[in-house]
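Lettering of chains follows the sequences in order, A, B, ..., and the numbering in each one begins at 1. Please read these numbers as outputs of a predicted model, since none were measured by experiment. The basis for the numbers below is simple: all heavy atoms, side chains too, and nothing from hydrogens, waters or symmetry mates.
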Amino acid sequence: MSGAGRLDPLRRHALAIDTTSDYLSLAVLREGRPVASHYALCGTRMARTIFTRIDELLAGAGLTPRDLQWAAVARGPGSFTGTRIGLSIALTLSQVTGAPLIGVDTLRLLAEQTDPAWSGRFTVLLNCARTEVYHAPYRRHADGRLEALAPVALADAATVLPLIGGDPVVLRRFDPAPAGLEALEALPRVPLLRDFPDGLCLLRAALPLLEPSGAGPLPRVEPLYLKSEAFRTWRPRGNAGTGH
Amino acid sequence: MLGLAIDTTFDDTSVALLRGKRDVVANLTLSQFAEHAEFGGIVPERASRKHLEAIHPLLARALAQAQAEWADIDYIAVSNLAGLLGSILVGMTVAKTLAYVLRRPLIGINHIEAHPYANFLEHGELPFPLLHLVAAGGHTVLIRQDAHFRWEIVGRSVDDAAGECVDKVAKLFGHPFPGGPVVDRAALEHAPGPYEFPRPLLHDPGLDFSFSGLKTALVYFLRDHPRETVAEG
Ligand SMILES: [Zn+2]
């Protein structure tokens, strides 16, 4: 695997993959310019359609997977299964081609949607299931730079409010009507430049991480689950079960 | 001809490289049994997470062991059926990505159909028709094979799988899940006693099996016999 230091990111071909939600989000960078993007509701068809979509985007950009010089992947938190689809593809692609892989937290992607002309401290909130909310504070500096102020954490909607203080928020919710989120809906919002945390947000979030930070190889991208496994166990049931 | 195989159907992450028809040049399996022991069974979400952790390092080690490069691989095979959906998805997605990036054919294989092929690896070509007994984990099936990819299941357990019965019996004796290996060892180490246990469907015209009666018989056997008279595993 090549070190990140040898790359001139702005001139390179790259692929961004985000499968952490029900939306399949892809983007392609050619010679450092975004040339193709896909963002569409996909749901459970993700695993079946993603290779067709990737191939269409790359072919449209005149690229093959072998041409990619780096890749970015959303590493969660979000759907466990979805996160694994994206990481399985991105890690394999990186392993075979030697292209460096950058993992980006999903809340950072949401932060990237905000208007860079607006500066200040804000909190990103992501509601995936029930009233649980992933949250993380960011600061948009006057020069446009985005800084993560703390790692992503998980809280119940009721307990997250005091943590936010008076910060404006970026809020994304997938569950259409969980009770207990009304107070979050009422919080002041940060102005957004992009309607969705699409693949271009992912590429933009990944770029600073790709820039030279030393000669060594990038660390392996790990999924960010933030929640432990359900303690439901599987036991064999007649011939409906599995192998050993 | 070099083939790469990936299996993540249950709690083992397995990667193998096969040269020609019988030359296994790498065969690596990472078992998760210990990871699940504290729950007394397999936690599907944990299994999926472990597969993703394990699969890429295993692939790298398999290639190194076979002294092969990615470009040397001619085809990719992956187990696409019979198991935990989330676990299978990891192996399938990795295999699909390899097929896509390397531009090589991808072959999906039912894990249960793969079991009899251990015999072809061991003995080379065998004359058809063949009768295979697959008794693995949640499966107990009798398969008639008339040619490659021409199968017919001619018998199966009508209730518990053999492996499930053995696990349950081990549990009756107080062994933690999975207790099958403990019973296996005991069977090899101890001479059979003068005990009569039911063997259902033995004189039935069909080829099906039944094991739940055996499990029930063991429950009564343990009730009627003090613990110390029973062979220790
Ligand atoms: Zn098996």
Side-chain angles (χ1 to χ4, degrees), chain A residues 1 15 17 19 44 46-55 58 64-68 71 75-76 79-99 101 220-225 227-244, chain B residues 7 9-12 36 39-49 51-53 55-56 59-60 70 79 82-87 89-103 111-112 114-115 134 136-141 156-161 163-164 167 177-178 180:
Chain A
M1 188 162 299
L15 173 68
I17 302 172
T19 54
T44 53
M46 191 83 76
R48 267 177 290 152
T49 57
I50 186 165
F51 287 97
T52 312
R53 295 288 94 78
I54 289 175
D55 197 45
L58 287 179
T64 72
R66 287 283 196 178
D67 296 326
L68 295 169
R75 67 183 196 109
S79 148
F80 295 159
T81 299
T83 299
R84 275 192 290 273
I85 291 173
L87 274 173
S88 294
I89 295 174
L91 285 166
T92 307
L93 177 74
S94 170
Q95 187 174 20
V96 173
T97 64
L101 178 66
R220 177 187 150 95
V221 175
E222 303 286 351
L224 186 63
Y225 297 116
K227 282 163 75 173
S228 62
E229 309 95 335
F231 280 59
R232 184 173 58 85
T233 59
W234 181 96
R235 298 301 278 275
R237 276 196 53 201
N239 280 322
T242 79
H244 37 209
Chain B
D7 184 300
T9 43
F10 197 40
D11 65 330
D12 285 344
H36 298 273
F39 303 109
I42 303 301
V43 184
E45 173 60 21
R46 176 170 287 204
S48 304
R49 292 182 182 192
H51 283 306
L52 182 60
E53 267 177 49
I55 185 85
H56 294 99
L59 285 168
W70 289 112
S79 299
L84 302 168
L85 289 181
S87 289
L89 189 64
V90 174
M92 285 270 285
T93 309
V94 168
K96 280 182 180 177
T97 310
L98 288 173
Y100 174 56
V101 177
L102 298 170
R103 299 196 182 279
H111 178 96
I112 301 307
H115 263 271
V134 179
H139 298 276
T140 304
V141 288
R156 61 167 75 228
S157 176
V158 296
D159 38 56
D160 294 352
E164 184 186 8
D167 276 343
F177 177 86

Between [atom1] of [X] and [atom2] of [Y], what distance do you get to the nearest 0.5 Å?
X       : Y       : atom1 : atom2 : value
B/Thr97 : A/Ile85 : OG1   : CD1   : 10.5 Å
B/Glu53 : A/Leu91 : CD    : CG    : 11.5 Å
B/Leu85 : A/Thr81 : CG    : OG1   : 9.0 Å
B/Thr93 : A/Ile50 : OG1   : CD1   : 8.5 Å
A/Ser88 : B/His51 : OG    : NE2   : 11.0 Å

Examine whether an atom of [X] lies under 4.5 Å from a heavy atom of chain A, and if so say whether it belongs to the side chain, the backbone or both; otherwise answer neither.
X        : answer
B/Ala60  : both
B/Leu98  : both
B/Arg103 : side chain

Please name the pair of heavy atoms, one in B/His56 and one in A/Thr92, separated by the smallest distance, quoted to 0.1 Å.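 B/His56 and A/Thr92 have their closest heavy atoms at NE2-OG1, 2.8 Å.
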
If you take all heavy atoms of B/Trp70 and A/Gln95, which pair is closest and at what distance?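 Taking every non-hydrogen atom into account, NE1-O, 3.6 Å.
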
Determine whether B/Tyr100 and A/Pro65 make a side-chain contact, defined as any pair of heavy atoms from C-beta on separated by less than 4.5 Å.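 Yes, side chains in contact.
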
Which residues share a side chain to side chain donor-acceptor pair (under 3.5 Å) with A/Ser79, sequence neighbours left out: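 Expected list: none.
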
Partner set under salt bridge (Lys or Arg N to Asp or Glu O under 4.0 Å) for A/Arg220, not counting sequence neighbours: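 Scan of A/Arg220 (salt bridge (Lys or Arg N to Asp or Glu O under 4.0 Å), adjacent residues dropped) gives A/Glu222.
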
Name the region of A/Arg66, side chain, backbone, both or neither, that has any atom closer than 4.5 Å to a heavy atom of chain B.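 It is the side chain, since no backbone atom gets that close.
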
Could you look at A/Thr83 and say if it's the side chain, the backbone, both or neither that has a heavy atom under 4.5 Å from chain B?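 Neither part.
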
Tell me, out of B/Val90, B/Asp7, B/Ile55, who's got the most heavy-atom pairs with chain A below 4.5 Å.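 Result: the option with the highest number of such pairs is B/Val90.
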
For the candidates A/Asp55, A/Ile54, A/Thr97, which exhibits the highest count of non-hydrogen atom pairs separated by less than 4.5 Å from chain B?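 Highest number of pairs under 4.5 Å: A/Asp55.
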
